[in-house]
Amino acid sequence: MADDTILVVDDETDLVHGLRRTLSMEIDCRVLTAENGVQALDILSKTAVDVVLADVLMPQMDGLTLLERIKSRDPAVTVIIMTAYGTIEKAVAAIKKGAYALIQKPLDQARLIHLLRKGLDLN
């Protein structure tokens, strides 16, 4: 499983660093990070990634736009969307655009690890 790669995309630096530490300990994988959707697409153009964990609200490009761009490039990439503002409408929109799941902030660590492991199993 160490060949698996997760890309965490969020403009909250503390959250990204915390997730990198947590995921590195909980899941045998490589964890990459990006501060926004533009940076994430740049990473994805150079590196094979199995799962993307992306926030909805970010500067430059929101998470749903990022989701659409990822899926148009590589439908096999599993995308999990994070949001502090989880509405039914947002969840439905994310799933329709190809998201594997939507998880609310503050993150339930056990649920997040479970979703990421399942997402990695899909690849």
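Owing to the predicted nature of the structure, the values given are computational and were not obtained by experimental measurement.
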Closest heavy-atom pair and its distance - R73, L41 = NH1-O, 3.1 Å
Say you draw a straight line from CG of L64 to CE of M58; how long is it, rounded to the nearest 0.5 Å?
-> 9.0 Å
Worked check of side-chain contact (heavy atoms from CB on, under 4.5 Å) between V52 and V77 | CA-CA 7 Å; V52 175; V77 175; 3.8 Å; yes
Flag side-chain contact, heavy atom, 4.5 Å: N123 against T78 | yes
L15 side chain near K105 side chain, heavy-atom distance below 4.5 Å = yes
Taking side chain as C-beta onward, heavy atoms only, is L107 less than 4.5 Å from M82?
-> yes
Student check: side-chain heavy atoms of I103 and R111 closer than 4.5 Å = yes
K46 vs D42, salt bridge (charged side-chain N to carboxylate O under 4.0 Å, His left out): CA-CA, chis, key distance, verdict = CA-CA 7 Å; K46 301 172 186 163; D42 184 50; 3.1 Å; yes
Spatial distance of atom CG (L116) from atom SG (C29) [nearest 0.5 Å] | 8.0 Å
I80 with L122, same ILVMFWY side-chain cluster at under 4.5 Å = yes
For S24 and R20, indicate whether the former's side chain and the latter's backbone hold a donor-acceptor pair under 3.5 Å.
-> yes
Closest contact, heavy atoms only, P59 versus N36 = O-CB, 3.9 Å
Contact summary for A34 and A40, nearest pair of heavy atoms | CB-N, 3.7 Å
If you measure from CG on L112 to CG on L23, what distance do you get to the nearest 0.5 Å?
-> 6.0 Å
Would you check if V79 and Y100 make a side-chain contact, meaning some heavy-atom pair closer than 4.5 Å?
-> no
Determine whether L66 and K97 make a side-chain contact, defined as any pair of heavy atoms from C-beta on separated by less than 4.5 Å.
-> no
Test applied, side chain to side chain contact (heavy atoms under 4.5 Å, CB included); reference residue, I27; option that passes from I113, V51, D4, T22 | I113
In Å and rounded to the nearest 0.5 Å, what is the CG to NZ distance from L67 to K96?
-> 13.5 Å
State, with a plain yes or no, whether a side-chain heavy atom of I6 is found less than 4.5 Å away from one of L120.
-> yes
Gap between atom NE2 of H114 and atom NZ of K118 - 0.5 Å precision | 4.5 Å
Take R30 and D3, measure what salt bridge (charged side-chain N to carboxylate O under 4.0 Å, His left out) needs, and give me the verdict at the end.
-> CA-CA 7 Å; R30 181 167 65 144; D3 294 340; over 6 Å; no
All heavy atoms of A94 vs all of L102, minimum pair found to be CB-CD1, 4.2 Å
Below 4.5 Å, heavy atoms only, C-beta onward: do V49 and D74 meet side chain to side chain?
-> no
Apply the side chain to side chain contact (heavy atoms under 4.5 Å, CB included) test between L53 and each candidate in V9, L115, L19, D10; give the one that qualifies.
-> L19
All heavy atoms of P75 vs all of K71, minimum pair found to be O-NZ, 2.9 Å
Between CD1 on residue I43 and OG1 on residue T33, distance to nearest 0.5 Å = 6.5 Å
